Q: 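Mind looking over this structure? Questions follow.
Whatever order the structure lists ligands and atoms in, that order sets their numbers, starting from 1. What you see is a predicted model; the values in this text were computed from it and never measured.
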Amino acid sequence: MTELTLTRPDDWHVHLRDGPALVDTCADMARYFGRAIVMPNLTPPVTTVAAAIAYRDRIVAAMTGLPRQFEPLMTLYLTDQTDAAEIRRAADSECVHAVKLYPAGATTNSEAGVADLESLFPTLEAMETADLPLLIHGEVTDPLVDIFDREKIFIDRYLVPIVQRFPGLRVVLEHITTADAVDFVSTAPATVAATITAHHLLLNRNDMLVGGIRPHYYCLPILKRNSHQQALVRAACSGSRKFFLGTDSAPHSTANKETACGCAGCYTAHAAIELYAEVFEAADALPALEGFAAHFGPDFYKLPRNTDTITLRKNSWQIPVSRAMGDSHLTPLRAGEQAYWQVVDQGRPV
Ligand SMILES: NC(=O)N[C@@H](CC(=O)O)C(=O)O
Ligand SMILES: [Zn+2]
Ligand SMILES: [Zn+2]
């Protein structure tokens, strides 16, 4: 297959940042994505509906003049202080589509995240009642737990009890990285789903660490061994409605990545569907890309599927070595190397 037309995809997990960077991150997203679930881990974090509306307005303003735009779907950042009233306001708003749980200290800008999950159970109950999905960065922060085991231990310690206690709560385990997460989500009730990134499908920890340390492959949850990567590829290509596209494209300046203590996050918005297509082709599963990229996400979020299409063609092109990010610049995933699929038709402008 050298050409592939599919329903316009959406990205169910992306970081756009704020300020001058928005013009560049939004331009990449607006090329062909219909909608994007926008992560709230700004400084300060987006903890109220009012802040989410203001952030959405800044995103929309940053797309002024682009040939097409995507629709930003906003999220709230859960803190120990988030109360049921804010959850109800969020559920009643047109703007907020989910609430994001960062265990405090687990990842970039998670310091204000949740330290005591059990005391937040009334808030989760309000989300269950209001049918507002909970999105989870699923890693424990226990210093005694090895970084490669943090996802699995989170599932055992926190996710299993949450799903049992709140059977009506829709939960997305974000950016899964292990066979354990695939097994958990596959066998969990229909209320539980997961997003998978392009970089976790394309790479494993050897790619990051053998022959030299590659800071642009460093993200959280950290890349795991090859057997986990293979489990993710099987899940993404399986046609299961529980697994869908979330790039977790997470821009950091090149200077903040290439340093003694580099930031976590891979930037993939410059070539997102192109990189996913490569994975599905290698797995001989290109026909399964459409469900993963364009159907199962909106179905889970109870939103309509996009009705128009985009077309990709098998065609090599060189990924730039560097890209603007506001007043700074970043190194995109696979900088200076080849991509093998190209979007040749981005569909109707909107
Ligand atoms: N994935 C990452 O490594 N980083 C993300 C945060 C996150 O999604 O955990 C970021 O905001 O930089
Ligand atoms: Zn995360
Ligand atoms: Zn993320």
Q: Could you label the plane-to-plane angle of the Y77 and Y102 rings as parallel, tilted or perpendicular, counting under 30° as parallel and over 60° as perpendicular?
A: tilted
Q: What atoms in ligand 1 come closer than 4.0 Å to a heavy atom of C219?
A: 3 (O)
Q: For residues 282-299, tabulate all N or O donor-acceptor pairs below 3.5 Å that involve a side-chain atom, not counting sequence neighbours.
A:
| from | atom 1 | to | atom 2 | distance (Å) |
| --- | --- | --- | --- | --- |
| E290 | OE2 | T7 | N | 2.7 |
| E290 | OE2 | T7 | OG1 | 2.6 |
| H295 | NE2 | T7 | OG1 | 3.3 |
| D299 | OD1 | R305 | NE | 3.0 |
| D299 | OD2 | R241 | NH2 | 3.2 |
| D299 | OD2 | R305 | NH2 | 2.7 |

Q: I'd like to check which ligand 1 atoms, numbered from 1 as shown, lie under 4.0 Å from a non-hydrogen atom of H13.
A: 8 (O)
Q: So is M39 in contact with ligand 1, going by heavy-atom distances below 4.0 Å?
A: no
Q: Can you name the residues that form a salt bridge (charged side-chain N to carboxylate O under 4.0 Å, His left out) with E71, not counting sequence neighbours?
A: none
Q: Counting both backbone and side chain atoms, is some N or O of H15 under 3.5 Å from an N or O of ligand 1?
A: yes
Q: Where is the tightest heavy-atom contact between K257 and A264, given as atom of each residue plus distance?
A: NZ-C, 4.1 Å
Q: Please say whether the positively charged group of R205, taken as NZ for Lys or CZ for Arg, lies over the ring of F148, i.e. under 6.0 angstrom from the six-membered ring centre and within 45 degrees of the axis.
A: yes
Q: Need the ligand 1 atom indices (1-based, order shown) with element for anything under 4.0 Å from a heavy-atom of N41.
A: 6 (C), 10 (C), 11 (O)
Q: Looking at the rings of H13 and H175, which for Trp means the six-membered one, are their centres under 6.0 Å apart?
A: yes
Q: Out of L245, I310, V14, which residue meets the side-chain contact (heavy atoms from CB on, under 4.5 Å) rule with F33?
A: L245
Q: Can a non-hydrogen atom of K100 be found less than 4.0 Å from any atom of ligand 1?
A: no
Q: What atoms of ligand 1 come closer than 4.0 angstrom to any heavy atom of H175?
A: 8 (O), 9 (O)
Q: Check whether any N or O atom of L220, backbone or side chain, sits under 3.5 Å from an N or O atom of ligand 1, and answer yes or no.
A: yes
Q: Considering non-hydrogen atoms of the protein only, which is the closest contact for atom 9 (O) of ligand 1, and what is the distance?
A: T107 OG1, 2.7 Å
Q: Identify, for atom 4 (N) of ligand 1, the protein heavy atom at the shortest distance, and state residue, atom and that distance.
A: A264 O, 3.1 Å
Q: What protein N/O/S atoms are there under 2.8 Å from the Zn ion (ligand 2), waters excluded?
A: H137 ND1, H175 NE2
Q: Could you identify the single nearest non-hydrogen protein atom to atom 1 (N) of ligand 1 and state the distance to 0.1 Å?
A: D248 OD2, 2.8 Å
Q: Is the closest basic N to carboxylate O distance between R323 and D24 below 4.0 Å?
A: no
Q: Taking side-chain contact (heavy atoms from CB on, under 4.5 Å) as the criterion, tell me which of D11, L202, L333 meets it with T268.
A: L333
Q: With heavy atoms only and a cut-off of under 4.0 Å, state how R17 meets ligand 1: side chain, backbone, both or neither.
A: side chain
Q: Say whether E174 and ligand 1 are in contact under the criterion: heavy-atom distance to a ligand atom below 4.0 Å.
A: no
Q: Which pairs would a plain distance check flag for residues 120-128, meaning a side-chain donor or acceptor within less than 3.5 Å of a matching protein atom at least two apart in sequence or in another chain?
A:
| from | atom 1 | to | atom 2 | distance (Å) |
| --- | --- | --- | --- | --- |
| T123 | OG1 | T82 | O | 2.9 |
| E128 | OE2 | G168 | N | 2.8 |

Q: Salt bridge check: are D345 and R313 linked by an N-O gap of less than 4.0 Å?
A: no
Q: Tell me the closest heavy-atom pair linking R334 and A339, and the distance in Å.
A: NH1-CA, 4.1 Å
